[in-house]
Amino acid sequence: MENINESSVPARVDAEDSSTDDLQGQELLQGLEKASWHGVSLCKYKGVWCPLTVFVPTLRCEKYFKARDTDIILATLPKAGTTWLKALTFAVVNRSRYPLDKHPLLTSNPQSLIPSLEFNIYDQENENPDLDLIPDPRIFSTHTHYDSLVSTVVVESKCRVIHICRNPLDQVISLWHFMINMIGIGRFVPLDEFLETYCQGMHVYGPFWEHVLGYWNAHLKSPEKVLFLKYEDLKKDINFSMKKIAEFIGFPFSLEEEKAGLIEEIAKLCSFDKLKNLEVNKVGMHSPHIKNSYFFRKGEIGDSANYLTPHMVDRIEKVVEEKFEGSGLKF
Ligand code: PAP
C-alpha cells in the first residue's frame, strides 16, 4: 500500500491544464459516496473503498490497460502478504537471469521491483504510459477487487492472477500499525475505533470480505486463471507454495533445480528475516511517507493476539462467520 493521504489528492482541475480523464474523473467523483477514514480520504467506486489519491489512476487503468496473455497480476488486499508475494514471484520468474548473490532483491525493496497498476503505472503523472516497452512476462500488482479487474484484465486475456489472503485478525493489526506509522499522515487511532470501521467494511480497498470472496469465487470457477493463496500456508510450507506459484505462472522448477536446492535458496532470499535485515529495507524510503522498513514489521501468524481483546476477536470473528458462510473458505 502506498501514499493514501489527502494532501496528494489532485486539486480540483480546471479545463485549461487538465486531461479529459481528469475532468471525467472529477465529474464521476462528484456522484460518489466519500468518507474520511481515520484521516484518509476514500470514495466508494463500484462498491470498493478506493483511496482518493488513486481514483483517477484507477479510471485510467480501466480505460487503457490491456493485459497480455503472458502477464502476471498479483492481486492483494493491503497487508495480506503483497511484499512477500512480490519477492517470490520476481525471484521465480527471473531465476535464470540473476545469480542469487547479486540479486536485485538484495538492493531493492520488492515493492519497487513489481509496480502497482494504480499507484505506480497510472500515477498522477502517467496518463497512459507505454507498457509495450516492458518485456514479457510483465508482472504488476493491484489492490483492487476482482470485479474491477475483470473489465481490464481477465476477460480479454489469458493472463494469470495470483491472490494472497490472510487471517483478518492479523491483517487488521498489520494495517493498523502501518497507518499509524506513515510519516506526516499517520496519527494514533484507538484500536477499537479502527476495528469498528474495518468490521463495517470501510477501509482501504474494503470491504475485505468482498475483496477476498471475489478472488475466491473466481478461483473456484477458473483455477487455471486465478491462483488463491493464504499467507498462513506460505508460512507453514514455503517450498510447496513456491512450487505451486512457479507451476501456475508457467515457470515450473526442473528436477535438476529442485535437486540443486534452488527452491530452498529462493525461499531463503525472500524470507522475512533476510529481507528485513538488508540495508535497503532498513534505511531506504519507499515514498516520502513510507519507509521500506514499514513493510517488514513482525511477519508472524497470530501477532494479533498481542493486541486484540477477546471482545474484539469476537467482533471480527462474527463478521467473518457471517460474510464467509457457505463460501467454503476458512481462515
Ligand atoms: P502492502 O499490501 O502494503 O504491500 P504487505 O506486504 O501485504 O503490505 O503486508 C505487510 C505484512 O507482511 C507485514 O505483516 P505484519 O505487520 O504482521 O508484520 C510484514 O511484516 C509481512 N511481510 C513482509 N515481508 C514478508 C516476508 N518476506 N515473509 C513474511 N511476512 C512478510
Side-chain angles (χ1 to χ4, degrees), residues 45-48 50 58 60-78 80-95 110 113-122 131-132 134-166 205 207-234 237-238 240-253 323-324 326-331:
Y45 178 58
K46 295 187 175 173
V48 182
C50 173
T58 299
R60 287 184 185 145
C61 180
E62 274 184 3
K63 185 170 167 183
Y64 299 117
F65 183 69
K66 293 277 170 284
R68 286 185 200 150
D69 290 349
T70 47
D71 283 352
I72 301 165
I73 312 286
L74 310 181
T76 62
L77 257 183
T82 321
T83 314
W84 197 7
L85 184 60
K86 282 189 177 189
L88 290 166
T89 310
F90 183 90
V92 167
V93 166
N94 292 295
R95 64 185 186 267
L113 294 174
I114 296 184
S116 152
L117 284 171
E118 305 89 21
F119 287 93
N120 310 122
I121 298 287
Y122 297 97
L131 303 183
D132 285 344
I134 305 176
D136 287 339
R138 303 183 306 182
I139 315 174
F140 303 108
S141 69
T142 181
H143 281 321
T144 205
H145 290 211
Y146 183 76
D147 284 349
S148 310
L149 210 61
V150 166
S151 57
T152 43
V153 172
V154 179
V155 172
E156 299 133 24
S157 89
K158 293 198 179 86
C159 76
R160 270 155 285 195
V161 177
I162 307 181
H163 174 82
I164 186 163
C165 77
R166 188 177 187 187
Y205 293 101
F208 67 88
W209 56 88
E210 285 184 11
H211 191 289
V212 175
L213 284 173
Y215 288 99
W216 173 245
N217 290 327
H219 160 74
L220 294 180
K221 198 169 155 214
S222 315
E224 72 296 342
K225 175 111 211 146
V226 181
L227 178 66
F228 193 93
L229 301 171
K230 289 181 178 169
Y231 180 92
E232 293 74 19
D233 290 343
L234 265 67
D237 191 343
I238 185 60
F240 176 77
S241 298
M242 210 193 324
K243 275 169 78 169
K244 214 163 145 180
I245 294 171
E247 274 161 30
F248 179 75
I249 56 180
F251 287 79
F253 287 96
K323 301 294 183 186
F324 290 89
S327 68
L329 185 60
K330 297 256 177 304
F331 293 101

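Note that the numbering runs from 1 along the sequence shown for the chain. Quick caveat: nothing in here was measured; it's all calculated off a predicted structure.
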**Asked** Between R68 and D136, is a salt bridge (charged side-chain N to carboxylate O under 4.0 Å, His left out) present by the stated rule, with each step listed?
**Response** CA-CA 9 Å; R68 286 185 200 150; D136 287 339; 2.5 Å; yes

**Request:** Using the ring-ring contact (aromatic ring centres under 6.0 Å, His included) rule, take Y205 and H211 through it: C-alpha gap first, then chi angles, then the decisive distance, then the call.
**Result:** CA-CA 7 Å; Y205 293 101; H211 191 289; 7.3 Å; no

**Asked** Given the rule in the side-chain contact (heavy atoms from CB on, under 4.5 Å) test, do S157 and D71 qualify, once you have shown the distances and angles that lead to the verdict?
**Response** CA-CA 9 Å; S157 89; D71 283 352; 6.0 Å; no

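Note: I114 CD1 to L88 CG = 9.5 Å, rounded to the nearest 0.5 Å. For the atom pair L229 CG and W84 CH2, the distance stands at 10.0 Å (nearest 0.5 Å). Summarising the geometry, atom OG1 belonging to T82 is positioned 8.5 Å from atom CG belonging to L74; distances are rounded to the nearest 0.5 Å. Atom CZ of F324 and atom CZ of F208 lie 5.5 Å apart (nearest 0.5 Å). One distance of note links CG of N94 with OG1 of T89; it measures 10.5 Å at 0.5 Å rounding. For the atom pair S141 OG and L113 CG, the distance stands at 11.5 Å (nearest 0.5 Å).
Put simply, the side chain of K225 gets close to the backbone of C159: a donor and an acceptor are under 3.5 Å apart. Judged by distance alone, the side chain of H143 and the main-chain N or O of T76 form a donor-acceptor pair under 3.5 Å. Proximity of a side-chain donor or acceptor of R160 to a complementary backbone N or O of F248 within less than 3.5 Å is detected. With hydrogens and angles disregarded, no donor-acceptor distance shorter than 3.5 Å links the side chain of H145 to the backbone of L213. One N or O on the side chain of K230 and one on the backbone of K330 form a donor-acceptor pair closer than 3.5 Å.
Using cut-offs of 30° and 60° on the angle between ring planes, the pair Y64 and Y122 is parallel.
The two atoms that bring Y146 and A218 nearest to each other are CZ-CB, 3.3 Å, heavy atoms only. The two residues W216 and S327 have their closest heavy-atom pair at NE1-O, 2.8 Å. Between Y231 and I164, the shortest heavy-atom distance links the atoms N-CG1, 3.7 Å. Here the closest non-hydrogen pair linking P137 and V93 is CG-CG1, 3.6 Å. Listed here is the closest heavy atom pair of I139 and F90: CD1-CA, 4.5 Å. Nearest approach of E62 to Y45, heavy atoms of both residues: OE1-OH, 2.8 Å.
Contact of the D147 side chain with the K46 side chain is not registered, since no non-hydrogen atoms from C-beta on lie closer than 4.5 Å. Between T142 and F65, the closest side-chain pair of non-hydrogen atoms is not below 4.5 Å. No side-chain heavy atom of E232 sits under 4.5 Å from any side-chain heavy atom of F331. Residues L85 and I245 meet the side-chain proximity criterion, which asks for heavy atoms closer than 4.5 Å. Between Y215 and L77 the shortest side-chain heavy-atom distance does not fall below 4.5 Å.
In this structure, D233 has no salt bridge (Lys or Arg N to Asp or Glu O under 4.0 Å) partners at least two apart in sequence or on a different chain.
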